[in-house]
Number of protein chains: 2
Amino acid sequence: MARESTARQKLVDAALSLVRTKGYAATSVDELCARAGVTKGAFFHHFANKDALAVAAAEHWSEMTGALFRDAPYHRHRDPLDRVLAYLDFRKSLLKGAVPDFTCLVGTMVQEVYATHPDIRAACDASISGHAATLEADIAEAMKLYGVTSFTAASLALHTQAVLQGAFILAKAKGGPRIAAASIDHLRRYIELLFQPKDHKGRTRQ
Amino acid sequence: MARESTARQKLVDAALSLVRTKGYAATSVDELCARAGVTKGAFFHHFANKDALAVAAAEHWSEMTGALFRDAPYHRHRDPLDRVLAYLDFRKSLLKGAVPDFTCLVGTMVQEVYATHPDIRAACDASISGHAATLEADIAEAMKLYGVTSFTAASLALHTQAVLQGAFILAKAKGGPRIAAASIDHLRRYIELLFQPKDHKGRTRQ
DNA sequence: GACGAGATACCGACCGGTTGGTATGTTCGG
DNA sequence: CCGAACATACCAACCGGTCGGTATCTCGTC
């Protein structure tokens with residue numbers, strides 16, 4: 001359990017890439033093996049079935065993105081609102097390259113399997129909700145600091161994830177990240193408006 | 001061309017239901033035929049292949065939703081901003097029942113096929129963009145009326161669609177429409193904040 | 001209004017390839 | 001020599017799609 005075996009890791013990596021391009025159902029086991037450079041025997045040695053790989057891929061995705069955002073520089077801001085806004089800037093900066101490279105594995109998978117594969121759905125939900133929770137802390141702190149009470153931190157955190165997931169769909173429909181970036185801009189403006197001081201009691205930024 | 005043949009119509013209806021629950025790739029032609037109460041011969045008489053049904057389903061979806069929103073009562077408001085806000089209220093009111101019943105066919109399909117089926121992707125894009133365009137008119141009018149210029153009407157219209165699509169993903173991940181509704185609330189608040197008069201020059205609503 | 005020719009709508013057996021999954025090795029470090 | 005980590009060969013079910021055939025309708029001709 002300590003060190004990941006190479007074949008297993010290569011299969012998970014293949015899943016990340018293939019599922020994000022073709023979706024889960026359209027990605028075959030043979031294709032995954034070929035991409036990973038592994039035989040079918042190795043696949044079913046490491047995973048009980050195709051669904052188990054999907055769950056493992058979702059969990060690996062959680063760990064990957066967890067580390068990416070944990071180590072991202074946006075946490076350095078002292079003001080929690082600045083942290084939230086910098087998070088959005090960071091998300092926007094990730095919208096580069098081809099569509100499968102910046103879109104979300106679990107968002108893609110859960111659309112296909114939510115009604116048919118309960119365990120995959122749960123793993124995807126855990127990934128999205130877990131990530132939202134890291135944002136929720138900063139949002140809650142900002143709400144306290146700025147005296148904002150008209151909504152819950154949890155709902156705003158999930159709203160940011162909704163915008164991002166929806167932006168990915170638009171990017172897929174339109175073939176590029178441009179509109180996705182525009183949507184993040186709208187979300188950023190929303191949060192600025194939510195927290196703007198009503199009585200213009202000066203804030204210092206950065 | 002005037003009247004739709006029943007078998008074709010039944011197949012399109014079956015596609016709407018099955019694809020929204022299981023996704024496109026996981027829905028087989030046999031399954032579509034069984035649901036429609038039609039034989040495979042009928043299927044390939046009306047559609048060249050499975051992809052052609054998907055395109056037809058997306059087009060039918062555009063017509064269906066087009067009619068639904070064209071006839072919806074939210075157009076009655078005189079103030080274009082009220083129309084936009086009432087549109088969101090209407091969208092929120094549609095979030096009832098089981099997840100497959102209120103989620104979006106084209107948003108689901110485009111996620112799976114954007115990289116592999118260009119014609120389906122195009123049909124889905126046309127559906128989303130066409131619907132956004134009907135909103136864009138009201139938004140543009142409201143921007144002119146309220147003197148708002150800091151973004152384009154097109155980008156806000158597409159942002160609303162991003163929020164809705166993202167809300168559907170969250171609903172699928174969490175198994176119910178509750179968080180989706182909360183996300184629409186956030187979007188509504190955003191638009192209210194965008195158009196709120198800065199100099200408090202009284203507006204009459206309704 | 002009888003008739004046949006062609007078009008349309010539909011049927012269901014069938015096909016080759018692919019699918020997820022299994023059964024049975026083989027290899028190799030400890 | 002045992003078990004983990006693979007490899008190979010294989011399978012039944014299912015996949016999208018084909019094809020020869022039939023039932024019914026339309027329409028022009030006499």
Side-chain angles (χ1 to χ4, degrees), chain A residues 1-19 21-58 60 108-109 112-113 115-121 123, chain B residues 1-19 21-58 60 108-109 112-113 115-121 123:
Chain A
M1 188 163 278
R3 71 177 285 275
E4 204 85 330
S5 79
T6 56
R8 190 193 147 94
Q9 186 63 38
K10 281 192 284 186
L11 281 165
V12 171
D13 287 341
L16 293 202
S17 156
L18 284 171
V19 172
T21 358
K22 319 182 39 172
Y24 175 67
T27 301
S28 72
V29 173
D30 285 321
E31 213 171 352
L32 287 160
C33 293
R35 173 69 67 98
V38 167
T39 62
K40 225 168 178 178
F43 185 104
F44 287 101
H45 172 72
H46 288 287
F47 303 101
N49 48 42
K50 193 188 165 189
D51 294 359
L53 171 61
V55 171
H60 179 68
T108 303
M109 274 203 301
E112 285 186 68
V113 303
T116 46
H117 299 72
D119 43 352
I120 305 181
R121 197 223 92 246
Chain B
M1 188 162 281
R3 67 180 286 273
E4 204 86 332
S5 78
T6 56
R8 190 193 147 95
Q9 186 64 39
K10 281 192 282 186
L11 281 165
V12 170
D13 287 342
L16 294 200
S17 157
L18 284 172
V19 172
T21 29
K22 317 183 41 172
Y24 175 67
T27 301
S28 73
V29 172
D30 285 321
E31 212 172 354
L32 287 160
C33 293
R35 173 69 67 97
V38 166
T39 63
K40 223 167 180 178
F43 185 104
F44 287 101
H45 171 71
H46 289 288
F47 303 101
N49 46 42
K50 194 189 164 189
D51 294 358
L53 171 62
V55 172
H60 179 68
T108 302
M109 276 204 300
E112 285 185 68
V113 305
T116 46
H117 299 72
D119 43 353
I120 304 180
R121 198 223 92 245

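On a predicted model such as this, the values are computed, not experimentally measured, just so you know.
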Among all residues two or more places apart in sequence or in another chain, which pass the side chain to side chain contact (heavy atoms under 4.5 Å, CB included) test with B:Ala34? none
Taking the side chain as C-beta and beyond, is there a heavy-atom pair between A:Met109 and A:His117 under 4.5 Å? no
Toward the 5' end of DNA chain C, which comes first, A:Phe44 or A:Ala26, by nearest nucleotide? A:Ala26
May I have all residue pairs that pass side-chain hydrogen bond (donor to acceptor under 3.5 Å, both in side chains) and include part of residues 34-44 of chain B, sequence neighbours excluded? B:Ser17-B:Arg35, B:Asp30-B:Lys40
Could you tell me whether the phosphate oxygens of C:dT8, OP1 or OP2, come under 4.0 Å of any side-chain nitrogen or oxygen in B:His45? no
Nucleotide nearest A:Ala42 (side chain, heavy atoms from C-beta), chosen from C:dT22, C:dA9, D:dC6: D:dC6
Can you tell me if the side-chain N/O atoms of B:Ser28 get under 4.0 Å from OP1 or OP2 in D:dC15? yes
Quick one: list whatever passes ring-ring contact (aromatic ring centres under 6.0 Å, His included) with A:Phe44, sequence neighbours left out. none
Strand contacts (DNA chain D) in residues 29-41 of chain B, 4.0 angstrom heavy-atom criterion: B:Val29, B:Asp30, B:Lys40
Find the distance B:Arg8:CZ to C:dC11:P and express it as a whole number of Å. 16 Å
A:Lys22 has an atom NZ; how far is it from atom C1' of C:dT18, in whole Å? 12 Å
B:Lys50 NZ to C:dG17 P: how many Å, rounded? 20 Å
Rounding to a whole Å, what distance do you find between A:Phe43:CZ and D:dA5:P? 16 Å
Can you list the residues that meet the salt bridge (charged side-chain N to carboxylate O under 4.0 Å, His left out) rule with A:Lys50, with sequence neighbours excluded? none
Minimum heavy-atom separation for A:His46 to A:Ala7, with atom names? NE2-CB, 3.9 Å
